[in-house]
Amino acid sequence: MLLWAFPALAFCQPKADESKDKPFDPKEAIFEHIGDSHSWPVFGKIKISLPVILYTDKGLDIFMSNNLHEDAVYKGKNYNYILEKNKVKIADDNGKINETKKVWDFSITRNVASMWFAMIILLVVFGSVSRSYKKRAGKAPKGLQSVMEPLIVFVRDDVAIPNIGIKAAKFMPLLLTIFFFILLNNLLGLVPFFPGAYNLTGNIAVTLVLSFIILLVINFSANKYYWKHIFTPEIPLWLYIIMVPVELIGIISKPFALMIRLFANITAGHIIVLSLISLIFIFKTLAVSPASVLFVVFMDCIELLVAFLQAYIFTMLSALFIGMAVQEHH
């Protein structure tokens, strides 16, 4: 567990050329980690450059992120570019930003690359498990199959069937994909070295897309009784003016709650861990390091539980909302 804490020291430590000029800023270090970037840090100053894809009024401009800096201008095909708080801006030769020129950034950022990395892992793992089921039909699970089967059965028997009922099989691919996608990225986010140490499930854009998918599935799968309950509930007519708006708000508030819950819990965990590590550099003494590292290890244990818990909660509530939309009228 100590291996989880010490690499974070290297991440929080000020750069050699910056430490002499300005004091350590914990907020800058924390937001650098939980935010997105145009490169993927490996260790210290070593980073993997990622493609920068910009669309301007003059067309596309594509180059690698190692050309971008916050203190130097890069001359692209169409304009000069400079980084400002991890955002690409158009600038003149002297580095002055031109706010009148807009840039549409379609770059392959760290979050995009890490999402693809997680998707590749899931495809490899489930491809292997699928082949094992075909080759060993009717036999006891073996190897990777035996590891994944309890989790798959758990999602089916304890999440999908109790909440959706007889139509659970139809939604199993979606629920399994969401569960394992969130779980894998939660776990990789806890690994403090490459290829982990990213905050994909703590990015509100990612949780927004996941929640929007659930919103679409709920409303496109809903039966007539679901819509009847919203627009023509069996209540006195004078209550319609209250209940119908409340029910319409509920359509949006359910996936919105999914989005905020996952985003807030994962991001909060990363902030707490990095804040505890930052205490060493704030007080500028190693005397606080034993207590700081001890609390970080404790928080990492909690975060390990949260990684599984948030994947389960998101999947379970998704199944519950889908079940409410597809259940038959009794």
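Numbering starts at 1 and runs along the sequence shown.
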Item checked: Sidechain-backbone polar pair: Ser39 side chain, Ile48 backbone, donor-acceptor under 3.5 Å -> no
Item checked: Atom pair OG/CD of Ser130 and Gln145 - distance to nearest 0.5 Å -> 10.0 Å
Item checked: Closest non-hydrogen atom pair, Ser221 against Val326 -> O-CG1, 3.4 Å
Check: Any sub-3.5 Å donor-acceptor pair from Thr207's side-chain atoms to Ile204's backbone N or O?
Finding: yes
Margin query: Out of the candidates Leu83, Asn66, Asn67, Ile108, only one should pair with His38 under the side-chain contact (heavy atoms from CB on, under 4.5 Å) rule; please name it.
Written below: Leu83
Checklist line | Lys58 to Tyr79 six-membered ring, cation-pi geometry met (6.0 Å, 45°) | finding: yes
Checklist line | Any donor-acceptor pair under 3.5 Å from Lys77 side chain to Leu60 backbone | finding: yes
Item checked: Heavy-atom donor-acceptor pair, Asn78 side chain to Gly59 backbone, under 3.5 Å -> yes
Next item on the list: Would you please say whether a donor-acceptor pair under 3.5 Å links the side chains of Tyr198 and Asp36?
Entry: no
Next item on the list: Scan side-chain atoms only and decide if Asn111 and Thr109 contain a donor-acceptor pair under the 3.5 Å cut-off.
Entry: no
Notebook entry, point to check: Can you find a side-chain donor-acceptor pair between Thr201 and Asn186 that sits under 3.5 Å?
Noted result: yes
Notebook entry, point to check: Judged by atom type as modelled, is there a donor-acceptor pair below 3.5 Å linking the side chain of Ser211 to the main-chain atoms of Met259?
Noted result: yes
Note to self: Has Ser292 got a side-chain atom pairing as donor or acceptor with Leu276's backbone, closer than 3.5 angstrom?
What the structure shows: yes
Margin query: Using only atom types and a distance under 3.5 Å, with no angle test, would you say the side chain of Ser114 pairs donor to acceptor with the backbone of Arg110?
Written below: yes
Next item on the list: For the pair Asp57 and Lys101, find out whether any cationic side-chain nitrogen is under 4.0 Å from an anionic carboxylate oxygen.
Entry: yes
Item checked: Inter- and intrachain pairs under ring-ring contact (aromatic ring centres under 6.0 Å, His included), touching residues 129-154, at least two apart -> Phe154-Tyr312
Note to self: Taking ring-ring contact (aromatic ring centres under 6.0 Å, His included) as the cut-off, I'd like each qualifying pair that reaches into residues 167-190, sequence neighbours left out, listed once.
What the structure shows: Phe126-Phe180
Margin query: Quick check against the 3.5 Å criterion: does Ser65 have a side-chain atom that pairs as donor or acceptor with the backbone of Pro51?
Written below: no
